[in-house]
Amino acid sequence: MLVRNHSRPPDDHPATAHLGSTWTRRDEWYNHRCGVRSTARVLLSVDETSYEGGTMGADHPHAWCVEIAGGRSFYTAGGHTAEAYDEPDFRAHLLGGIRWAAG
């Protein structure tokens with residue numbers, strides 16, 4: 001499956017700065033009930049043309065962040081397989097998100 005990176009220079013985010021414009025990986029893909037783009041900054045989205053079963057269309061968020069009420073929240077829909085944690089890029093994605101959320 002293909003994941004598209006929306007956080008490119010000059011707006012690099014620590015969770016995605018190490019990734020290119022696309023990231024090919026295997027995982028379990030969630031279909032969310034609604035988009036988050038109106039309330040959060042989408043960092044990665046899933047390209048639904050790269051797999052079967054997507055129901056969100058062209059706007060299928062995969063990772064996002066938001067600053068609210070003086071705090072920070074980071075979400076990634078990845079990490080549903082044990083193999084995901086063997087991927088250096090996925091571990092860097094998690095660490096960047098945790099560091100950003102911690103401020």
Side-chain angles (χ1 to χ4, degrees):
M1 289 46 134
L2 193 62
V3 178
R4 300 214 180 275
N5 186 356
H6 298 287
S7 181
R8 299 309 310 150
D11 297 320
D12 281 340
H13 189 279
T16 54
H18 65 287
L19 299 172
S21 61
T22 59
W23 182 19
T24 303
R25 58 186 315 268
R26 295 199 178 280
D27 210 322
E28 177 183 12
W29 305 109
Y30 285 168
N31 290 306
H32 307 285
R33 289 187 181 163
C34 61
V36 297
R37 205 169 290 277
S38 64
T39 58
R41 178 179 171 197
V42 175
L43 303 171
L44 300 171
S45 64
V46 177
D47 181 347
E48 289 193 354
T49 65
S50 67
Y51 76 106
E52 292 183 18
T55 62
M56 297 192 70
D59 190 19
H60 187 147
H62 180 65
W64 58 85
C65 62
V66 64
E67 295 186 49
I68 188 166
R72 291 178 168 189
S73 176
F74 168 78
Y75 174 83
T76 183
H80 297 104
T81 65
E83 295 80 16
Y85 297 91
D86 290 333
E87 290 180 59
D89 280 341
F90 184 70
R91 288 194 315 267
H93 172 60
L94 289 177
L95 183 59
I98 291 167
R99 285 182 171 161
W100 177 85

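Just so you know, these numbers come straight off a predicted model, no measurement behind them. Index from 1, following the sequence. Heavy-atom basis, side chains included; hydrogens, waters and symmetry copies ignored.
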(message) As a quick check of understanding, evaluate side chain to side chain contact (heavy atoms under 4.5 Å, CB included) for Leu43 and Cys65, giving each step before the final call.
(response) CA-CA 7 Å; Leu43 303 171; Cys65 62; 4.2 Å; yes
(request) Can you measure from CZ (Arg25) to OG1 (Thr81) and round to the nearest 0.5 angstrom? (result)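 Spacing of CZ (Arg25) from OG1 (Thr81) equals 6.5 Å.
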Pair up each side-chain donor or acceptor in residues 90-103 with any protein partner under 3.5 Å, not counting sequence neighbours, and list the distances.
residue: Arg91; atom: NH1; partner: Tyr85; partner atom: O; Å: 2.9
residue: Arg91; atom: NH1; partner: Asp86; partner atom: O; Å: 3.2
residue: His93; atom: ND1; partner: Ala15; partner atom: O; Å: 2.9
residue: His93; atom: NE2; partner: Thr76; partner atom: OG1; Å: 2.8

(message) For the backbone of Leu19 and the side chain of Thr16, can you confirm whether one donor and one acceptor N or O come within less than 3.5 Å of each other?
(response)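 Answer holds: no.
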(message) Pro61 and side-chain contact (heavy atoms from CB on, under 4.5 Å): which single residue from Leu44, Val42, Val46 fits?
(response)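 By the side-chain contact (heavy atoms from CB on, under 4.5 Å) criterion, Pro61 pairs with just one of Leu44, Val42, Val46: Val42.
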(message) Tell me the closest heavy-atom pair linking Gly79 and Ala84, and the distance in Å.
(response)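 Closest approach of Gly79 to Ala84, heavy atoms only: CA-CB, 4.0 Å.
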